[in-house]
Amino acid sequence: MKHSLPRARDPFEMLQNALDEGWSPIAEIPLAGEGVFTVLTYSGLIRRAYNRRIVRHYRKADSWGPARATVIAVESGNYLAAIAWRWD
């Protein structure tokens, strides 16, 4: 039996669903020293992260995806492109 084709990941839809569930937009992301928080990444992963910037700086939304900011993953230390966040 054939299966239906999976839908492609849509970051704009992921962001809208997250905001509907109570996540905060990236324009309000905590600054350096304000603690660890949970982020929804551009690729759809949910990770714990922190911000190293002392001022809010993010890439504005464009045709490739929603507004996103670079944060640091707690577990691995890798850079992540966050599109939404919430406190743990």
Side-chain angles (χ1 to χ4, degrees):
M1 180 172 177
K2 281 189 158 181
H3 60 77
S4 61
L5 291 174
R7 290 181 39 224
R9 177 185 51 83
D10 182 12
F12 290 104
E13 184 179 336
M14 288 188 317
L15 175 61
Q16 189 58 47
N17 290 340
L19 294 176
D20 292 343
E21 292 174 8
W23 290 69
S24 299
I26 216 64
E28 302 169 3
I29 197 163
L31 300 175
E34 293 184 6
V36 175
F37 46 91
T38 304
V39 295
L40 173 63
T41 66
Y42 183 77
S43 61
L45 302 173
I46 296 176
R47 297 283 186 256
R48 293 184 63 227
Y50 63 93
N51 198 350
R52 290 181 44 185
R53 295 181 183 256
I54 57 173
V55 295
R56 285 184 179 89
H57 178 75
Y58 57 92
R59 183 174 177 175
K60 294 183 180 179
D62 54 15
S63 61
W64 295 102
R68 49 206 177 270
T70 303
V71 294
I72 310 297
V74 171
E75 295 85 12
S76 63
N78 293 340
Y79 292 106
L80 303 172
I83 60 174
W85 73 278
R86 68 178 175 196
W87 289 111
D88 291 337

Note to self: Does Arg9 qualify as a cation-pi partner of Tyr42, given the criterion of NZ or CZ under 6.0 Å from the six-membered ring centre and within 45 degrees of its axis?
What the structure shows: yes
Next item on the list: Go through the steps to decide whether Asn51 and Phe37 satisfy the test side-chain contact (heavy atoms from CB on, under 4.5 Å), and finish with yes or no.
Entry: CA-CA 9 Å; Asn51 198 350; Phe37 46 91; 4.3 Å; yes
Next item on the list: Count the heavy atoms of every other residue, nucleotide or ligand shown that sit under 6.0 Å from CZ of Phe12, and state whether that count exceeds 12.
Entry: yes
Margin query: Assigning hydrophobic clusters by single linkage (Ile, Leu, Val, Met, Phe, Trp, Tyr; side-chain heavy-atom cutoff under 4.5 Å), is Tyr79 placed with Val36?
Written below: yes
Checklist line | From Ile72 atom CD1 to Arg48 atom CZ, the distance as rounded to the nearest 0.5 Å | finding: 14.5 Å
Check: Does any N or O in the side chain of Gln16 come within less than 3.5 Å of the main-chain N or O of Glu13, such that one atom is a donor and the other an acceptor?
Finding: no
Item checked: Ile46 vs Trp23, side-chain contact (heavy atoms from CB on, under 4.5 Å): CA-CA, chis, key distance, verdict -> CA-CA 12 Å; Ile46 296 176; Trp23 290 69; 4.1 Å; yes
Notebook entry, point to check: CG/Leu80 to OH/Tyr50 distance, rounded to the nearest 0.5 angstrom?
Noted result: 10.5 Å
Item checked: NE2 on His57 to OG1 on Thr70, rounded to 0.5 Å -> 7.5 Å
Notebook entry, point to check: From Asp88 CG over to Arg86 CZ, what is the distance, rounded to the nearest 0.5 angstrom?
Noted result: 8.5 Å
Notebook entry, point to check: Do Asn17 and Glu21 have side-chain N/O donor and acceptor atoms under 3.5 Å apart?
Noted result: no
Notebook entry, point to check: Out of curiosity, Arg53 CZ to Ile29 CD1, how far, rounded to the nearest 0.5 Å?
Noted result: 10.0 Å
Item checked: Arg68 and its side-chain contact (heavy atoms from CB on, under 4.5 Å) partner, picked from Asp62, Thr41, Leu15 -> Asp62
Item checked: Nearest-0.5 Å distance, CE of residue Met14 to CG of residue Leu40 -> 5.5 Å
